[in-house]
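Index from 1, following the sequence. This one's a predicted model, so the numbers in the text were calculated from it and none came from an experiment.
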Amino acid sequence: MKRPSVGKQRILPSQTVVIYGIDFSGAADAGKKMFVAKCALLKKPPDLTLLVHSVLPARQLPGGGLSPQDATAAVRSELMAATKDQTVVVGVDSPPAIAKEFMTG
């Protein structure tokens with residue numbers, strides 16, 4: 001079965017791609033336990049280089065806090081702002097189940 005191409009973007013060979021890695025936590029003090037790594041994948045054929053810009057707990061993001069709601073909202077805002085003018089790839093490490101309230105806007 002062929003996968004649909006909805007949302008696919010063509011990435012130019014020399015284009016830089018922003019990559020976020022999120023270590024998700026829904027704990028009561030999620031802002032301390034949830035980390036966000038922001039990286040750039042530099043594509044200069046034939047090489048690829050991953051450059052780490054920052055690794056921060058969610059409480060240190062703009063609008064972040066310790067509660068799961070504040071931490072999740074800060075991560076969401078960071079990702080929404082990042083996708084406005086650049087190609088972004090996001091990877092999330094999370095428990096097998098994420099509570100519904102963390103998945104809705």
Side-chain angles (χ1 to χ4, degrees):
M1 176 186 235
K2 188 174 179 182
R3 288 185 171 192
S5 62
V6 176
K8 278 190 176 178
Q9 292 183 350
R10 191 169 180 90
I11 299 172
L12 302 174
S14 62
Q15 186 176 358
T16 298
V17 177
V18 176
I19 298 179
Y20 281 90
I22 301 168
D23 183 9
F24 182 83
S25 172
D29 57 350
K32 188 167 56 172
K33 295 179 179 176
M34 186 183 316
F35 280 80
V36 178
K38 181 178 180 181
C39 307
L41 182 63
L42 309 175
K43 298 174 78 177
K44 293 183 183 177
D47 299 320
L48 296 174
T49 303
L50 185 66
L51 176 64
V52 178
H53 287 291
S54 63
V55 179
L56 297 171
R59 69 178 175 188
Q60 290 184 8
L61 295 173
L66 283 179
S67 76
Q69 293 79 10
D70 291 344
T72 304
V75 171
R76 185 181 313 117
S77 294
E78 172 77 17
L79 296 176
M80 294 302 291
T83 59
K84 287 185 180 176
D85 60 354
Q86 57 196 351
T87 301
V88 176
V89 176
V90 179
V92 180
D93 178 17
S94 67
I98 298 177
K100 184 178 178 180
E101 64 264 19
F102 298 125
M103 295 174 45
T104 60

Do [X] and [Y] land in one hydrophobic cluster if side-chain heavy atoms of ILVMFWY residues count as linked below 4.5 Å?
{"X": "V92", "Y": "V52", "value": "no"}
{"X": "V18", "Y": "V90", "value": "yes"}
{"X": "L48", "Y": "V17", "value": "yes"}
{"X": "L61", "Y": "V88", "value": "yes"}

Response to the item:
Looking only at heavy atoms, the pair that brings A58 and V75 closest together is CB-CG2, 4.0 Å
Worksheet item: Any idea which heavy atoms bring A74 and G63 closest together, and the distance?
Response: CB-C, 4.0 Å
Item to complete: Mark yes or no for whether T83, through its side chain, and M80, through its backbone, hold a donor-acceptor pair below 3.5 Å.
Response: yes
Worksheet item: Distance-only, no hydrogens or angles: does the S25 side chain make a donor-acceptor pair with backbone N or O of A27 under 3.5 Å?
Response: yes
Would you tabulate the side-chain donor-acceptor contacts of residues 28-38 under 3.5 Å, counting partners in other chains and residues two or more places apart, or write 'none'?
unit_1, atom_1, unit_2, atom_2, d
D29, OD1, K33, NZ, 3.4

Item to complete: Could you tell me the separation between the CG atom of L41 and the NZ atom of K43, rounded to the nearest 0.5 Å?
Response: 6.5 Å
Worksheet item: For residues 47-72, which residue pairs qualify under salt bridge (Lys or Arg N to Asp or Glu O under 4.0 Å), counting only residues two or more places apart or in two chains?
Response: none
Response to the item:
In short, salt bridge (Lys or Arg N to Asp or Glu O under 4.0 Å) pairs touching residues 77-91 with sequence neighbours left out are none
